[in-house]
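Read the structure below first, then the notes.
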Amino acid sequence: MNEHWWRSAVIYQIYVRSFADSDGDGVGDLPGIRSRLPHVKELGVDGIWLTPFYPSPGADHGYDVSDYVDVDPQFGTLDDFDALVADAHRLGLRVIVDIVPNHTSNEHQWFRNAVSDPQHPDRARYIFRPGRDGEPPNVWTSAFGGPAWTLDDASGEYYLHLFTPEQPDLDWHNGRVREDFEEILRFWLDRGVDGFRIDVGQALYKAPDLHDVHQPEPRPAFADWHTGINQAEVHGLYRSWRRLADSYPDERMYVGEVVLENQVELAKYVRPDELQLTFNFTFLYEDWNAKALRARIERTLEAFGAVGATASWVLENHDVTRLPTRYGGGEEGRRRARAATLLLLGLPGAAFLYQGQELGLEEVELPDELRQDPVFFRTNGARKGRDGCRVPIPWSGGPPGFGFTAGSPWLPIPADWTALSAEAQEGSPQSSLALHRAALELRRRIDALRTGSFAWRESPSGTLLFERASGNETIVCVVNLNAEHLQLPDGELLLASEPAPGNLLPPSSAAWTRV
Ligand code: GLC
């Protein structure tokens with residue numbers, strides 16, 4: 001079938017610091033990733049997304065970039081990057097890199113110039129404004145706590161940062177910024193990347209009047225409330241980026257991190273001449289509830305369908321609590337997470353998996369003194385932050401290194417993860433790893449699952465039932481969230497997240513049946 005590859009791709013997110021360490025410093029790196037590519041290949045995904053590996057002082061672990069066209073020595077070299085891309089391509093895996101256009105590091109040369117001399121042309125790349133009655137220029141808050149403005153003592157002006165003060169926002173109304181990023185994109189496209197994940201994709205342009213926007217309390221997970229961002233101009237920018245990608249062979253693509261709950265607004269980013277994909281975070285903040293999940297799925301399919309775009313589905317990433325923990329933790333949380341895997345991979349569109357999701361890892365409760373996320377520090381501990389989902393991967397063996405590092409991992413790996421390591425799960429048909437591999441293998445092999453049409457089927461309350469069909473093949477995806485038991489449809493049971501004796505699917509489980 002001649003489908004655009006990205007329409008139904010499954011992309012595996014690699015959080016570079018935490019995936020595999022080749023040199024024993026306790027921090028993951030590019031050669032480490034190379035050495036673990038066979039795991040990714042065997043898992044059966046279509047490609048990888050690498051979180052930022054560019055030179056960075058690390059105020060937000062790489063999302064504060066001080067040079068967009070190099071590799072941080074901690075992670076390797078440009079040669080290591082090229083070798084990684086070559087290996088991935090040899091294995092048939094696409095490579096997506098993370099681009100961070102909303103802000104730079106405060107150590108980027110542009111920002112250094114901007115603060116060292118207010119007359120320097122680089123100053124106009126950022127958003128400096130005089131204060132208002134001795135206060136910041138407006139009431140905007142940082143996503144990580146505190147005001148979104150920091151005083152530049154030397155000039156007496158404030159600069160805007162939607163995240164930490166070490167991440168000054170760029171001014172996208174400045175033509176130089178636009179030109180710079182075109183060059184940056186070209187640099188990586190020329191090196192053979194298959195696409196980009198666009199960080200904070202909805203926020204690049206700010207309303208020119210920088211009007212006051214009061215943040216609701218508590219701060220919502222989605223950014224819809226913020227009328228100072230999600231400006232119309234961003235769509236023109238993405239159209240130009242799309243033309244750039246389309247000028248390269250082999251369908252290079254973009255996936256936007258667009259944190260909007262309103263699916264109609266979200267789908268604007270994936271109109272035919274804009275980005276190919278946007279993350280759809282609709283499942284991240286939804287409970288294990290059939291009615292709510294169904295409503296979310298319907299809204300997504302309708303909004304994305306209306307613009308001719310493919311949907312995408314996400315259950316985990318490096319910014320949210322691990323799924324089994326969100327679903328209540330313990331055995332019940334793990335069961336639900338396994339079931340959700342078959343939901344995720346059974347839905348039409350692209351899907352994203354976060355490293356360790358295939359192992360069923362839970363969120364790690366870290367002692368405060370080990371926490372590193374600026375979210376923790378900027379909220380004075382009120383928000384614990386995201387370190388608990390960023391603990392390195394247990395590959396094999398036990399503490400402290402678990403095959404992740406020969407040294408001591410940058411965050412400790414829980415001693416009781418021995419049974420969860422990739423090695424320990426290998427060969428166990430009941431494991432989370434085996435379930436993921438089997439599901440991905442079926443999805444690759446069966447057109448109906450990958451690219452088939454979608455339709456709901458009637459099902460009792462507390463359950464979800466839908467079919468995917470292509471040609472004369474129909475696969476039914478059954479999710480029993482919390483009904484007593486659910487009768488599986490007649491047919492060939494392809495895969496189930498739990499045993500279903502007597503063809504009765506127990507609660508907190510899911511199955512795929514060929515009918
Ligand atoms: C995105 C990233 C997150 C980062 C933030 C600022 O939301 O996923 O990890 O902290 O942008 O760059």
Side-chain angles (χ1 to χ4, degrees), residues 11 13-19 28 49-66 68 72 96-108 111 126 140-146 148 150 160-170 172 181 184 196-204 206 219-224 226 229-230 234 254-261 266 269 275 277-281 284-285 312 314-322 352-355 357 363 371-379 383-391 411:
I11 306 285
Q13 177 190 357
I14 293 184
Y15 191 71
V16 176
R17 289 183 77 75
S18 302
F19 194 61
W49 145 34
L50 301 172
T51 58
F53 48 79
Y54 317 109
S56 161
D60 189 17
H61 283 331
Y63 284 97
D64 49 321
V65 180
S66 54
Y68 287 90
D72 193 294
I96 310 291
V97 297
D98 212 316
I99 193 83
V100 187
N102 181 68
H103 45 264
T104 68
S105 159
N106 61 338
E107 291 189 22
H108 195 290
F111 194 73
Y126 296 91
W140 292 10
T141 51
S142 147
F144 293 167
T150 289
L160 178 71
H161 52 86
L162 295 185
F163 297 89
T164 70
E166 293 80 22
Q167 294 165 294
D169 279 45
L170 287 163
W172 276 87
F181 271 86
I184 293 163
F196 299 94
R197 177 255 187 200
I198 306 170
D199 192 57
V200 208
Q202 79 284 1
L204 309 198
K206 280 75 183 175
R219 190 182 173 92
F222 289 94
D224 305 63
H226 201 314
I229 58 173
N230 186 30
V234 81
Y254 300 97
V255 50
E257 186 210 21
V258 180
V259 193
L260 297 174
E261 189 169 22
L266 182 62
Y269 286 79
L275 310 179
L277 298 177
T278 173
F279 293 130
N280 167 25
F281 292 142
L284 295 188
Y285 307 100
S312 86
V314 180
L315 289 169
E316 287 196 18
N317 64 32
H318 65 296
D319 292 328
V320 295
T321 304
R322 289 270 189 195
F352 293 85
L353 289 173
Y354 175 49
Q355 65 181 39
Q357 192 176 338
E363 187 80 358
R371 293 193 180 274
Q372 304 207 5
D373 188 355
V375 169
F376 176 75
F377 298 102
R378 286 187 56 82
T379 61
R383 283 157 64 193
K384 291 290 177 198
R386 304 160 294 177
D387 297 306
C389 67
R390 297 174 175 182
V391 168
L411 287 175

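Atoms within a ligand are numbered from 1 in the order they appear, just like the ligands themselves. Not measured: the values here are computed from a predicted model.
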TODO: Mind running side chain to side chain donor-acceptor pair (under 3.5 Å) on Glu166 and Thr164 for me, showing each step along the way?
DONE: CA-CA 5 Å; Glu166 293 80 22; Thr164 70; 3.2 Å; yes
- [ ] Enumerate the atoms of ligand 1 whose separation from the nearest heavy atom of His103 is less than 4.0 angstrom.
- [x] 6 (C), 12 (O)
Open item on the list: Contact between ligand 1 and Arg197 is defined here as a heavy atom of the residue under 4.0 Å from a ligand atom; is it met?
Closed with: yes
Open item on the list: What protein heavy atom lies closest to atom 1 (C) of ligand 1? Include the residue and the distance to one decimal.
Closed with: Asp199 OD1, 2.8 Å
Task: Single hit among Val234, Leu266, Ile229 for side-chain contact (heavy atoms from CB on, under 4.5 Å) with Gln202 - done: Ile229
Open item on the list: Tell me the protein heavy atom at minimum distance from atom 7 (O) of ligand 1, and give that distance in Å.
Closed with: Glu257 OE2, 2.8 Å
Task: Electrostatic pair Arg197:Asp199 at N-O distance under 4.0 angstrom - done: yes
Task: Residues Arg390 and Asp319 bridged, charged N to O under 4.0 Å - done: yes
TODO: Would you mind telling me if ligand 1 is within reach of the side chain of Arg390, the backbone, both or neither, using heavy atoms under 4.0 Å?
DONE: side chain
Open item on the list: If we set the cut-off at 4.0 Å for heavy atoms, which region of Phe144 has an atom near ligand 1: side chain, backbone, both, or neither?
Closed with: side chain
Task: Those atoms of ligand 1 less than 4.0 Å from some heavy atom in Val200 - done: 11 (O)
Task: Nearest neighbour in protein (non-hydrogen) for atom 6 (C) of ligand 1 - done: Asp60 OD2, 3.5 Å
Open item on the list: Between Arg386 and Asp60, does any side-chain N to carboxylate O distance fall below 4.0 Å?
Closed with: yes
TODO: Can you measure from CZ (Phe352) to CG (Leu277) and round to the nearest 0.5 angstrom?
DONE: 5.5 Å
TODO: With heavy atoms of Asp319 as the reference, note each atom of ligand 1 found under 4.0 Å away.
DONE: 2 (C), 3 (C), 7 (O), 8 (O), 9 (O)
Open item on the list: I'd like to know if the side chain of Trp172 and the backbone of Pro101 have a donor-acceptor N/O pair within less than 3.5 Å.
Closed with: yes
- [ ] Within a distance under 4.0 Å of any heavy atom of Arg386, pick out the atoms of ligand 1 and give their elements.
- [x] 3 (C), 4 (C), 9 (O), 10 (O)
